[in-house]
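Everything below concerns the one structure shown next.
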Amino acid sequence: MTGFVTLLYKELLRFWKVGFQTIMAPMVSTLLYLLIFFHVLEAHVEVYPQVPYPVFLIPGLVMMAVIQNAFANSSSSIIQSKISGNIVFILLSPISYQAIFLAYILASIARGLLVGLGVYVVTLLFFDIPLELPGWALLFVILGSAILGALGLIAGIWADKFDELAAFQNFIILPLTFLSGVFYTIHSLPVGWQYLSHLNPFFYMIDGFRYGFFGVSDISPYISLAIVAICLVMISMLAIHLLKKGYKLRH
């Protein structure tokens, strides 16, 4: 376990030492989203009864910040190690591939939670935000950040340069995030778009997380939990398989 703890410590220290860039900057960006969309969409988006739009918006923005930073943490770490060549020292160390995977994922979860908690605490200064079921909220935020951490690991392994990693984020992660119900409830969409939203796994992360705040969701939280858990298992298995195979890591 010494190797696992050392790798985890290294990954935590990697983002903590540049916390202004990895934690503070995403917090500011998320709060700007809140300011802009609150003023632009407040009168045009129908949300849950007795839930003001800014209060509805905050859990979605918190989860968006969490998953985006969880993805950024693992993906940037692995591709930096590949480009600098020090990935070989991790692969040659007497650490199991499962332990390597877990160290990257736990660090991604930690960064995501720090950013999300920071956004949530700041918004509490301005809005009265209910937290009806904190256990559900915590469960979904951990599962969501773990999924994006594993997905970031896959993207970092696949990409050969930062341009390819940026393309993965811009053409896959960002569209799925913005179309997941962060800024709206899917019941405000036409029927066709509602069906498409149900094909987006990010929707279930957002909806389940929001359920922890309001006790209300677009679909059953148990369905969301099952889908999110299945996604985590499948993506984790793929990431561990790529690590074992050494895909684009050993050559």
Side-chain angles (χ1 to χ4, degrees), residues 3-4 6-30 32-33 64-93 95-112 114-115 144-180 200-202 205 231-232 234-251:
F4 163 74
T6 302
L7 180 57
L8 176 59
Y9 176 72
K10 172 250 185 188
E11 287 300 307
L12 292 172
L13 197 62
R14 191 186 69 86
F15 77 80
W16 183 256
K17 293 190 72 173
V18 287
F20 189 81
Q21 175 186 348
T22 57
I23 299 175
M24 292 300 299
M27 286 175 54
V28 172
S29 299
T30 304
L32 286 175
Y33 276 122
M64 183 181 76
V66 168
I67 61 179
Q68 286 184 345
N69 282 275
F71 174 86
N73 195 73
S74 57
S75 61
S76 62
S77 178
I78 197 73
I79 197 170
Q80 284 175 0
S81 294
K82 286 174 58 178
I83 292 175
S84 64
N86 64 36
I87 187 67
V88 66
F89 299 112
I90 298 176
L91 296 176
L92 290 175
S93 61
I95 312 174
S96 68
Y97 296 108
Q98 291 82 0
I100 294 174
F101 169 80
L102 188 59
Y104 280 104
I105 298 309
L106 289 178
S108 297
I109 292 174
R111 176 174 166 182
L114 282 173
V115 175
S145 54
I147 289 174
L148 269 294
L151 196 57
L153 194 61
I154 294 171
I157 292 172
W158 166 80
D160 293 318
K161 50 188 177 181
F162 283 102
D163 290 347
E164 294 178 353
L165 185 60
F168 191 99
Q169 185 166 9
N170 291 333
F171 291 104
I172 298 178
I173 303 300
L174 283 180
L176 289 176
T177 302
F178 278 95
L179 297 175
S180 62
N200 181 0
F202 287 26
M205 303 179 202
C231 288
L232 176 58
M234 294 176 61
I235 294 173
S236 298
M237 290 176 62
L238 176 59
I240 293 173
H241 172 72
L242 293 178
L243 285 172
K244 287 182 177 180
K245 188 177 180 181
Y247 178 72
K248 290 192 174 183
L249 295 175
R250 294 176 180 167
H251 304 287

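- Going from atom CD1 of I79 over to atom CH2 of W158 covers 9.0 Å, rounded to the nearest 0.5 Å.
- When every heavy atom of S145 is checked against every heavy atom of I109, the shortest pair comes out as OG-CG1, 3.5 Å.
- Here I100 contributes atom CD1 and I240 contributes atom CD1; the two are 10.5 Å apart, rounded to the nearest 0.5 Å.
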Between L12 and F15, does a side chain to side chain contact (heavy atoms under 4.5 Å, CB included) hold up when you go through it step by step? CA-CA 6 Å; L12 292 172; F15 77 80; 3.8 Å; yes
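- Other residues, nucleotides and ligands contribute only 12 or fewer heavy atoms inside 6.0 Å of the NZ atom of K245.
- In this structure a side-chain-to-backbone donor-acceptor pair under 3.5 Å is missing from S77 to N73.
- In this structure, the separation between CG on L243 and CG on L91 is 7.5 Å, given to the nearest 0.5 Å.
- Side-chain atoms of S74 come within 3.5 Å of backbone atoms of G149 as a donor-acceptor pair (strictly under, hydrogens ignored).
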Considering only distance and modelled atom types, tabulate donor-acceptor pairs under 3.5 Å from the side chains of residues 64-71, sequence neighbours left out.
from, atom 1, to, atom 2, distance (Å)
N69, OD1, R111, NH2, 3.3
N69, ND2, A65, O, 2.7

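- I105 and A150 make their closest contact through CD1-N, 3.2 Å (heavy atoms, listed as atom of the first residue, atom of the second, distance).
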Determine, stepwise, if the pair L114 / W16 fulfils side chain to side chain contact (heavy atoms under 4.5 Å, CB included). CA-CA 10 Å; L114 282 173; W16 183 256; 3.9 Å; yes
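- Counting only heavy atoms from C-beta outward, the side chains of S76 and R14 approach each other to under 4.5 Å.
- Rounding to the nearest 0.5 angstrom, the gap separating the CD1 atom in I157 from the OH atom in Y247 is 10.0 Å.
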Distance-only criterion, 3.5 Å: show the donor-acceptor pairs between side-chain atoms of residues 159-173 and protein atoms not counting sequence neighbours.
from, atom 1, to, atom 2, distance (Å)
D160, OD2, K248, NZ, 3.3
E164, OE1, D160, N, 2.7
N170, ND2, A166, O, 3.1

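- Taking CG of L249 as the reference point, atom CD1 of I78 lies at 6.0 Å (rounded to 0.5 Å).
- When every heavy atom of A107 is checked against every heavy atom of E11, the shortest pair comes out as CB-CB, 3.5 Å.
- Atom CG of L232 sits about 11.0 Å away from atom CG of L151, to the nearest 0.5 Å.
- For the pair S93 (side chain) and I90 (backbone), a donor-acceptor distance under 3.5 Å is present.
- Under the 3.5 Å distance criterion, the side-chain polar atoms of K244 are left unmatched by any main-chain donor or acceptor of Y97.
- When all heavy atoms are compared, the tightest approach of A103 to L8 is O-CD1, 3.5 Å.
- Using modelled atom types, one finds a donor on one side chain and an acceptor on the other under 3.5 Å when comparing N86 with S81.
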